[in-house]
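To keep things clear, I will list the structure first and then write my remarks on it.
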Amino acid sequence: MISTLKRPVFKLSVLSALLLFFSIAFGEELWSDYWMYYAFIEMFIVASGGMVLVWSIIFWFDKPLYRLVWLPCCINVLTAAIVIFMPLNWLRNKVWFTIRHHGYEAAANMALNAKSDTAGIYLYPLPGRYHSLSAGGGEAYVIRQKDAKAVFFYTLRQQDSKKGFVKIDDGKKIDQYLQYLCNEVYIVKPMGGNWYYVSGD
């Protein structure tokens, strides 16, 4: 029996699966920074993945004597299921936050102390080494009011939608800050240590 692993359909199935997985997992950040390019590239990846899926189904029924003939189709179907049903962006953001937690802490303190005598709400441009912590321009959203101080780092930054990690004052409740962060809040997840993940518009 001939091995399917040497066939172009298998190699393209693996390649399209990886491209789709990573393009979705990094989708929010890429959309925030390069939305026009990302939209075209993502359409190409999805269309190509659909064509490879159809090819893998035809290959399955056309080459029944090949060893592991079902494997390319299963790779494509499994990848599609993962992309549709798993919150890949959230999982990647959570891992990213855990890995760079000290960087987030340092950048939050820096943003709050940079204009310690200034009250209000403003964008603080993060220095080079912390630039990647906030999508859509490397700026942190700083809130300095009498009873509220917080720093918001974007994971998605659009005109009508925003997501990200926010650090608030000790002893405060996140509810006191939501009015400053989003017009309408959909998700609030505690991250520990006065950090929260917030999604809204």
Side-chain angles (χ1 to χ4, degrees), residues 1-101 103-104 131-136 153-166 182 184-192 195-201:
M1 295 180 70
I2 304 174
S3 175
T4 300
L5 304 184
K6 297 180 180 179
R7 303 296 297 173
V9 65
F10 171 76
K11 297 175 182 178
L12 285 175
S13 293
V14 172
L15 178 61
S16 66
L18 290 174
L19 286 174
L20 184 60
F21 180 89
F22 285 107
S23 68
I24 297 297
F26 288 85
E28 290 180 357
E29 184 175 352
L30 292 171
W31 182 268
S32 299
D33 291 327
Y34 314 103
W35 70 270
M36 186 177 296
Y37 302 106
Y38 175 73
F40 284 108
I41 292 172
E42 190 62 24
M43 283 191 296
F44 174 77
I45 291 174
V46 170
S48 300
M51 292 173 63
V52 173
L53 173 60
V54 172
W55 185 14
S56 68
I57 294 172
I58 294 172
F59 178 80
W60 188 352
F61 289 98
D62 191 47
K63 307 289 185 181
L65 298 181
Y66 276 61
R67 191 168 62 237
L68 302 176
V69 68
W70 46 266
L71 188 56
C73 184
C74 287
I75 290 173
N76 290 302
V77 172
L78 181 61
T79 302
I82 290 173
V83 166
I84 292 170
F85 296 109
M86 285 186 66
L88 294 180
N89 267 289
W90 159 242
L91 293 174
R92 185 194 65 82
N93 286 333
K94 188 175 181 180
V95 170
W96 180 248
F97 178 81
T98 302
I99 292 172
R100 300 201 63 183
H101 181 71
Y104 276 104
H131 194 271
S132 61
L133 296 180
S134 191
F153 297 88
Y154 294 95
T155 58
L156 172 66
R157 185 176 179 183
Q158 291 182 293
Q159 188 173 0
D160 57 350
S161 181
K162 63 183 73 169
K163 299 179 183 180
F165 299 108
V166 57
C182 305
E184 186 172 353
V185 177
Y186 306 121
I187 299 173
V188 177
K189 294 184 179 182
M191 303 296 294
W195 283 92
Y196 292 83
Y197 173 79
V198 176
S199 173
D201 59 20

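Remember, it's a predicted structure, so these values are computed and weren't measured experimentally. Note that the numbering runs from 1 along the sequence shown for the chain. The figures that follow rest on heavy atoms only: side chains count, while hydrogens, waters and symmetry mates do not.
Atoms OG1 and CZ, on Thr155 and Phe97 in that order, are 11.5 Å from each other to the nearest 0.5 Å. Atoms OG1 and OH, from Thr98 and Tyr104 in turn, are 10.0 Å apart once rounded to the nearest 0.5 Å. Considering CD of Gln158 and CH2 of Trp35, their distance stands at 10.0 Å, rounded to 0.5 Å. Interatomic distance, CG of Leu30 versus OH of Tyr37, reported as 13.5 Å (0.5 Å rounding). For the atom pair OG (Ser161) and CD (Glu28), the distance works out to 8.0 Å, reported to the nearest 0.5 Å. Here CG of Asn93 is found 10.5 Å from CG of Leu88. Values are rounded to the nearest 0.5 Å.
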Subject >> side-chain contact (heavy atoms from CB on, under 4.5 Å) between Arg92 and Glu29, intermediate numbers included >> reply: CA-CA 11 Å; Arg92 185 194 65 82; Glu29 184 175 352; 3.5 Å; yes

**OP:** Give the intermediate values and the outcome of side-chain contact (heavy atoms from CB on, under 4.5 Å) for residues Cys182 and Val198.
**Re:** CA-CA 9 Å; Cys182 305; Val198 176; 4.1 Å; yes

**OP:** List the steps, then state whether side-chain contact (heavy atoms from CB on, under 4.5 Å) holds for Trp31 with Glu42.
**Re:** CA-CA 10 Å; Trp31 182 268; Glu42 190 62 24; over 6 Å; no

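Residues Asp201 and Tyr186 are in side-chain contact: their nearest non-hydrogen atoms beyond the backbone lie under 4.5 Å apart. In this structure, Trp195 and His101 have side chains that are in contact, with non-hydrogen atoms separated by less than 4.5 Å. Here the side chains of Phe165 and Leu133 are not in contact, with every heavy-atom distance at 4.5 Å or above. Between Arg100 and Ser132 there is a side-chain heavy-atom pair separated by less than 4.5 Å.
Judged by distance alone, with hydrogens and angles left aside, the side-chain atoms of Ser48 form no donor-acceptor pair with the main-chain N or O of Ile45 at under 3.5 Å. Although no hydrogens or angles enter the test, the distance criterion places a donor-acceptor pair under 3.5 Å between the side chain of Ser32 and the main chain of Arg157. Checking side-chain atoms of Ser3 against main-chain N and O of Arg67 turns up no donor-acceptor pair under 3.5 Å. No donor-acceptor pair closer than 3.5 Å links the side chain of Tyr197 to the backbone N or O of Lys163.
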Kindly list each side-chain donor-acceptor pair under 3.5 angstrom involving residues 50-63, sequence neighbours excluded, with atom names and distances?
from, atom 1, to, atom 2, distance (Å)
Ser56, OG, Val52, O, 3.4
Ser56, OG, Leu53, O, 2.6
Ser56, OG, Asn76, ND2, 3.4

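When all heavy atoms of Phe10 and Ile75 are compared, the closest pair comes out as CE1-CD1, 3.6 Å. The heavy-atom pair separating Gly49 from Ser16 by the smallest distance is CA-CB, 4.2 Å. Taking each heavy atom of Ala25 and Asn89 in turn, the nearest pair found is O-OD1, 3.0 Å. Listed here is the closest heavy atom pair of Leu91 and Met86: CD1-CE, 3.5 Å.
No more than 12 heavy atoms of other residues, nucleotides or ligands lie within 6.0 Å of CE in Met36, so this atom counts as exposed by the packing criterion.
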